[in-house]
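Each ligand, and each atom within it, is numbered from 1 in the order the structure gives.
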Amino acid sequence: MFLKRLLELARPSYPHLVGIFLLGAISVPISMLMPLPLKIAVDSVIGNQPLPPILNGLVPASVASSSTANLIVVLVVLLGLAVLSNLQVLASWLLQTYTGERLVFELRNRLFWHAQRLSLASHDRRGVNDIAYRIQHDAPAIQFIFIQGILPLVTAALTFMGMFYVVARIDRSIAVVALVISPALMIAARRSGYRVRRAWQDVKTLDSSAMLLMNEALSSIRVVKAFNTEDFEDSRFRLRSRERMKEQVRLASIQAGYHLLISFAIAAGSAAALLIGIRHVQMGLVTLGSLLLVMAYVAQLYEPLRVISSKIPDLQSWRVSLERAFALFEENPELGGISGDGANAAPVSGRVALENVNFDYANGQRALDGVSFSVPAGTKVALIGPSGSGKTTLVNLLTRFYEPTRGCVLLDDVDLHSYSVTHLRQQFAVIGQEPVLFSATIADNISYGRFDASREEIIEAAVAAHAHEFIVSLPRGYETKIGEGGSRLSGGQRQRLSIARAFLKNAPILILDEPTSALDAATESELLDSLHKVMQGRTAFVIAHRLNTIRDCDVLLILEKGKLKEMRWRTEEPVFVAAEMLAQ
Ligand code: ADP
Ligand code: MG
């Protein structure tokens, strides 16, 4: 499964990987030619032997005999080889970087694509930091696996086979004896690989939890400063970082022990080969010269084996990272598994009904319990009830942020499932308690989600939300950049921008989830005007604690502990009065 996904991800980069491999292979003949100039210098410049046959035809025969000409040949070959070998290193470095970065780029893009489409329930469970860590810090392991893992492994394996062949040609039994240690190496590699993997998993978990802590502290820096808890946060961060440090050191000690084991095994293998070799010399089977040669080859035979064994724990650690990244893919994207996700894209008028709806959160918490109601298009619905009674949950079911556990939600008399999710969410404009602004210009923030909107439309929406006045008073007007989270604007101004955004979206259904509860009473009353205006002609669900906000609503839904306790229409008595009675 892991391997399959890995190979599939790398498929577009196969040609590049092969290219890196071939470029690496070029270095073998180049390094074999390196001693050539010296040999020519000694034999043909100082001495007077003919040039080696490899240069035949490249040098005109008429000059091939003069030693000055030969000197020039030496220098040309020397410089040529140097240029060639540097070009090879350069090309292979660039290609490795490009291929590695491309692999990471592709994987990150896919992960981000997938992460955005995970259900809110998955996001609740994982948390933003965990997902971000996997995309940002775990995904790059894919380039290490290929560039520093698999490719050198393949090269080493090929070198090993070549060397084995050469040794076996000279003395078969030495070759076999030299191989005896390989099973021991493989067992050691497996064992330490397993332990490295476990330790690496711990490191990764600690790492991402340290990042969570840091992110929380920095993004809540106002609270941290206000409560003087910098030292407390320091010590929490230090605690996790120290655990991580310990785990890293433990990891290194596992690897060091393993390397020691490999070195011993290789020494033992060489000793055994030497023993056999000496016997063979004594028995007259091979000459002393051949023994020296074969021992030199045995040393070279073990080099790739050392590379292979030392790569295995590294591969394990990269594998852990990649598995963490791939875990995001294992999670189904939103609504992926739900049947009846239809293609109904008909215009919606805004009749909303819930039929016997239950909703349980993933932790088993029942947030809605047998809720049924129905309102005609254009109704302004006030949702009230104590905190935690399920108001936000109810409106989240309308936009299919969550799926009801039981019962169904109807829009224009048909189940939500018969609409495509994109079309469904097009029908809603949501204004929450905390206006969400992006770090972009004011104009871009208003047109967020409707990027085709013209400047006239944007200004029109801002005027309707009474935001135009303060926007034009800013030094750069609509082009003013908003800091991260919109921190350079006041709460009321930010909320006006999200009202403008709702005006521009012009959706038939509006959800206002405590739009003014983060604001003071004076700012609230300034905003009410725009809020009432944006509700006009739409079906609206208004969650509010202050009666002002819901004064004009047509119907009052009173929730208590997830149950719909009461539903009162304005025709029965003014909603305001009802709510006031309730508040007593
Ligand atoms: P309200 O908006 O009326 O204050 P909510 O709809 O936010 O209430 O919450 C209803 C209940 O569901 C509460 O008991 C709350 O603790 C629980 N709840 C809300 N969100 C989640 C969540 N993401 N996971 C688990 N429980 C939740
Ligand atoms: Mg709420």
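- Atom CG of L354 and atom CG of L368 lie 7.5 Å apart (nearest 0.5 Å).
- Heavy atoms of Q365 found under 4.0 angstrom from ligand 1 belong exclusively to the side chain.
- Both the sub-6.0 Å distance and the 45° axial angle are satisfied by R319 relative to the ring of F2.
- Atom CZ of F326 and atom NZ of K4 lie 12.0 Å apart (nearest 0.5 Å).
- When the heavy-atom distances from atom 4 (O) of ligand 1 to A121, P386, G388, A362 are ranked, the shortest goes to G388.
- Less than 4.0 angstrom separates some heavy atom of S387 from each of these atoms of ligand 1: 4 (O).
- Side chains of N506 and R538: a donor on one and an acceptor on the other come within 3.5 Å.
- Contacts between D513 and ligand 1, counted as non-hydrogen atom pairs separated by less than 4.0 Å, are absent for every part of the residue.
- For a distance bound of 2.8 Å, the N, O or S atoms of T393 include none lying that close to the Mg ion (ligand 2).
- With hydrogens and angles left out, the side-chain atoms of R197 and S317 include no donor and acceptor closer than 3.5 Å.
- The shortest N or O to N or O distance between G390 and ligand 1 is under 3.5 Å.
- Inspection of the D138 and Y133 side chains reveals no N or O donor paired with an N or O acceptor under 3.5 Å.
- Side chains of D207 and H137: a donor-acceptor N/O pair is absent below 3.5 angstrom, by distance only.
- Taking a cut-off of under 4.0 Å to the non-hydrogen atoms of N363, the atoms of ligand 1 that pass are 25 (C), 26 (N).
- Counting only heavy atoms of the protein, atom 12 (O) of ligand 1 lies nearest to Y361 CE1, 3.4 Å.
- Any N or O atom pair closer than 3.5 Å counts here, and T392 shares at least one such pair with ligand 1.
- When D360, L368, T393 are ranked by how near their heavy atoms come to atom 5 (P) of ligand 1, first place goes to T393.
- Residue D124 approaches ligand 1 through these ligand atoms, each under 4.0 Å from one of its heavy atoms: 23 (N).
- With hydrogens and angles left out, the side-chain atoms of E331 and S122 include a donor and acceptor closer than 3.5 Å.
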